[in-house]
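Worksheet: the structure to be examined is printed underneath.
Computed from a predicted model, the values in this text were never measured in an experiment. Residue numbers begin at 1 in each chain, while the letters A, B, ... track the order of the sequences.
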Amino acid sequence: MTDVEKPINFIQQVINADLSAGRVKKIVTRFPPEPNGYLHIGHAKSICVNFGLAEQYGGICNLRFDDTNPEKEDEEFVQAIIEDVQWLGYDLGEGPFYASNYFEQLYVWAKYLIAEGNAYVCELNAEQMREYRGTLTEAGKNSPFRDRAAAESLNLLEDMRLGLISEGAMTLRAKIDMASPNINLRDPVLYRIKKMAHQRTGDKWNIYPSYDFAHGQEDAIEGVTHSVCTLEFAANRPLYEWFTVNLPLPSIPRQYEFGRLNLNYTVTSKRKLKQLVEQGHVDSWSDPRMPTISGLRRRGVTAAAIRNFCNSLAVAKTDGTVDMAQLEHFIRDDLNLNAGRAMCVFKPLLITLSNYNEQEQFKVPCHPNRQELGLRTIDFGRQIYIDRSDFSEDTTLSRKKFKRLVIGDYVRLRSAYIIRADEVIKDAAGEIIEVIGSLVPDTVGQDAPEGIRPRGVIHWVSKQTAADCTVNVYDRLFTVASPDEGGRDMLDYLNPDSLVEMTGCKVEAGLADAIAGDHYQFEREGYFTRDSGSLDNLVFNCTIGLRDNWKA
RNA sequence: UGGGGCGUGGCCAAGCGGUUAAGGCAACGGGUUUUGAUCCCGUCAUCGGAGGUUCGAUCCCUCCCGCCCCAGCCA
């Protein structure tokens, strides 16, 4: 929460220098996802960095879909991405933008490169191209089509575009240097043939630009000043810059790379998340166990928590793995401050108060430290439920070790009376089915009377008015810190207990019609939100448990 | 192996030749508390290794070690 002056990162240093040198007047950044999956927590960092930079410098950040490969993309993902970015709290401004809107311009530039002798249509097939490319240690060799006349390439490119050439038969390649130690510069492919409809341009195109040929030019068209991406694109930067000197671009963007976010006990790779969804290991991209923005949202994580977490991360060139505990800290930090309190009993144990026959309602604070959040009403009666784990017949348990209800002893019911457990009723199997107790009069909102020392404070709900509900408690999706390490198959490390569904829970009446998106702290348990995926029933998802410092 | 990038406490991370080597997370002690929560105090490193330059190096140089990225007509 504290804004201890965060040191400026290397990108801000560059921006400051560019601003003072007059190289740029207004900062323009961009967040360029390919719509081939849902956004995850790693993207959140990128979004916060890019939109954050724009915000900080009074510039703009474009959400731009890098939709250059219809084979993998889908409109569903476009919509989900837009929703997630907005939910995180960012304004799309004039956007969203689409690479596909620039296809015509890119094509004009492709012809320009050919005319300038900087590109050619190559007829090597995929396998041959790989052979010609060389290896990390050996230079590649020139394609036999490398020196064909510009006019011929121009005609062939046009044929490719018109669908006259079959897929895989030809590509348009930049003519750079087959001996470059940087493999990205060994005559990279600019256009490939895909006779496939695009979700936005329909069947207008039979060829689609490659990432390298599209990305920097999209930036230039939009006037992006600082193209901030992740480290794995560092090797593409020389190519990015090659286009800026060989094409008549409207502006010269510059690319900078920072380390992407990795989190332990999960995976942050669209490919792997897609696999989990498609193979049914989770119920959808928005499964509350998924590290997707939509999964976190359904789980009950707030946008503020995600933003605070992302802003706590460094924008640097080191690539490390952040401890899940750090994300959890920001989730609790925000929820503790903002979530209203409520009581929910997971494993109900009936308590009947033999000396009480009334019905009462108590007005209790929604938040112990923020009275401005107001009061709520809770019902109290002769019969209440407490959690089975909050009762014990073992009278030898020390007060320090078991601060709950023990037969013959006292406990405080949160926001209500102090009660004593007098008698246990069991069924034929020896299972406790009810506890007969008695309350200590006049103890609501009062200190315990002389001689009575409640062992602790426990939560409860009124039997008469509590609502039945189901509670989902989640654990980490994987059993090991790095499920995608080395040659591991993440599926071997899926946590079989990542979801525990508890039915027959009892929540205070006021939450019977809780809405998804509202956050509650179930006292002594954790933070919860109504599950948006099963609104027909009253289901709460555990966002995260309360911190638990006591050693059992 | 060719090229590119990175190595500061269990994790993240400031530090830009002279600092008691920030801060956060975690952990561990203690205090407050009608949530075993929150909150509050306190404890917790000599900077991958070896040389060198310098009055002085985590910061500069050399070599070594380790990790990451690039050989898709993916992004």
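In textbook terms, a nucleotide whose glycosidic angle is within 90° of 0 is syn, and B:rG72 is one such case.
Residues of residues 64-72 of chain A that place a heavy atom closer than 4.0 Å to RNA chain B, in numerical order, are A:Asp66, A:Thr68, A:Asn69, A:Lys72.
Closest to the side chain of A:Arg192, from the set B:rC25, B:rC69, B:rC74, is B:rC74.
Nucleotide B:rG2 is matched to B:rC70 when pairs are restricted to Watson-Crick or G-U wobble geometry with both distances under 3.5 angstrom. Remark: B:rU20 base-pairs with no nucleotide in the shown strands. Criterion, Watson-Crick or G-U wobble with two distances under 3.5 Å. Both distances falling under 3.5 Å, in either a Watson-Crick or a G-U wobble arrangement, occur for no nucleotide opposite B:rU54. Base pairing of B:rG7: its partner is B:rC65, meeting the Watson-Crick or G-U wobble criterion (both donor-acceptor distances under 3.5 Å). B:rA27 is paired with B:rU43 under the criterion used here, namely a Watson-Crick or G-U wobble arrangement in which both key atom distances are under 3.5 Å.
Listed by chain and residue number, A:Tyr211 satisfy the ring-ring contact (aromatic ring centres under 6.0 Å, His included) test with A:Phe233 (two or more places apart in sequence, or in another chain). Under the rule for a side chain to side chain donor-acceptor pair (under 3.5 Å), the partners of A:Asp548 that lie at least two apart in sequence or sit in another chain are A:Trp550. Not counting sequence neighbours, A:Phe309 has no partner by the ring-ring contact (aromatic ring centres under 6.0 Å, His included) test. Remark: A:Gln446 engages no residue in a side chain to side chain donor-acceptor pair (under 3.5 Å) (not counting sequence neighbours). Judged as a ring-ring contact (aromatic ring centres under 6.0 Å, His included), and not counting sequence neighbours, A:Tyr120 has no contacts. The ring-ring contact (aromatic ring centres under 6.0 Å, His included) check on A:His459 picks up nothing, with sequence neighbours excluded.
Annotation: salt bridge (charged side-chain N to carboxylate O under 4.0 Å, His left out) contacts involving residues 205-222 of chain A, sequence neighbours excluded, comprise A:Arg64-A:Glu218, A:Arg64-A:Asp219, A:Arg64-A:Glu222. Here side-chain hydrogen bond (donor to acceptor under 3.5 Å, both in side chains) pairs that include residues 264-274 of chain A, with residues two or more places apart or in two chains, are A:Asn36-A:Lys270. Residue pairs meeting the salt bridge (charged side-chain N to carboxylate O under 4.0 Å, His left out) criterion with at least one member in residues 448-462 of chain A, sequence neighbours excluded, are A:Asp409-A:Arg455.
Ring geometry for A:Tyr38 versus A:Trp285: interplanar angle under 30°, hence parallel rather than tilted (30 to 60°).
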| request: Give the B/S/- string for nucleotides 33-43 of chain B, one per nucleotide from 5' to 3', where a protein heavy atom under 4.0 Å of the base yields B, of only the sugar-phosphate yields S, and otherwise -. | output: -BBBSB-----
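Under the 3.5 Å distance criterion, the side-chain polar atoms of A:Arg161 are left unmatched by any main-chain donor or acceptor of A:Trp205.
If you measure from atom CZ of A:Arg186 to atom C1' of B:rC70, you get 10 Å, rounded to the nearest angstrom. In this structure, the NZ atom of A:Lys141 is 15 Å from the C1' atom of B:rA71, given to the nearest Å. Per the geometry, CG belonging to A:Leu39 stands 14 Å off C1' belonging to B:rA75, to the nearest Å. Atom C1' of nucleotide B:rC12 and atom CG of A:Asn9 are separated by 15 Å, given to the nearest angstrom. Residue A:Asn308 contributes atom CG, which lies 12 Å from atom P of B:rC25 at whole-angstrom precision. Spacing between atom CD of A:Glu218 and atom C1' of B:rA75 amounts to 11 Å, rounded to whole angstrom units. For the pair A:Arg30 CZ and B:rA75 P, the interatomic distance rounds to 15 Å; values are reported in whole Å. Regarding A:Gln326, its CD atom lies at a distance of 11 Å from the P atom of B:rG24, rounded to whole Å.
Contact between the side-chain N/O atoms of A:Lys45 and the OP1/OP2 oxygens of B:rC12 is not found at any separation under 4.0 Å.
Comparing B:rA37 with B:rG5, their C1' atoms are spaced 43 Å from each other, to the whole Å. Nucleotides B:rG66 and B:rU8 place their C1' atoms 15 Å apart, quoted to the nearest Å.
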Protein N or O to nucleotides 1-9 of chain B N or O, pairs below 3.5 Å:
{"from": "B:rG2", "atom 1": "N9", "to": "A:Leu136", "atom 2": "O", "distance (Å)": "3.1"}
{"from": "B:rG2", "atom 1": "N2", "to": "A:Pro181", "atom 2": "O", "distance (Å)": "3.2"}
{"from": "B:rG2", "atom 1": "N3", "to": "A:Leu136", "atom 2": "O", "distance (Å)": "3.3"}

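Among the atoms of the strands shown, none is found under 4.0 Å from any heavy atom of A:Leu190. In this structure, A:Ala325 reaches the sugar-phosphate backbone alone: every heavy-atom distance under 4.0 Å involves primed, P, OP1 or OP2 atoms, never a base. Contacts of A:Lys270 with the nucleic acid, taken as non-hydrogen atoms under 4.0 Å apart, are absent.
Nucleotides of RNA chain B nearest to A:Gln13 and A:Pro32 differ in position, and the one nearer the 5' end is that of A:Gln13.
Annotation: A:Phe380 is in aromatic contact with A:Phe362 [ring centroid separation under 6.0 Å].
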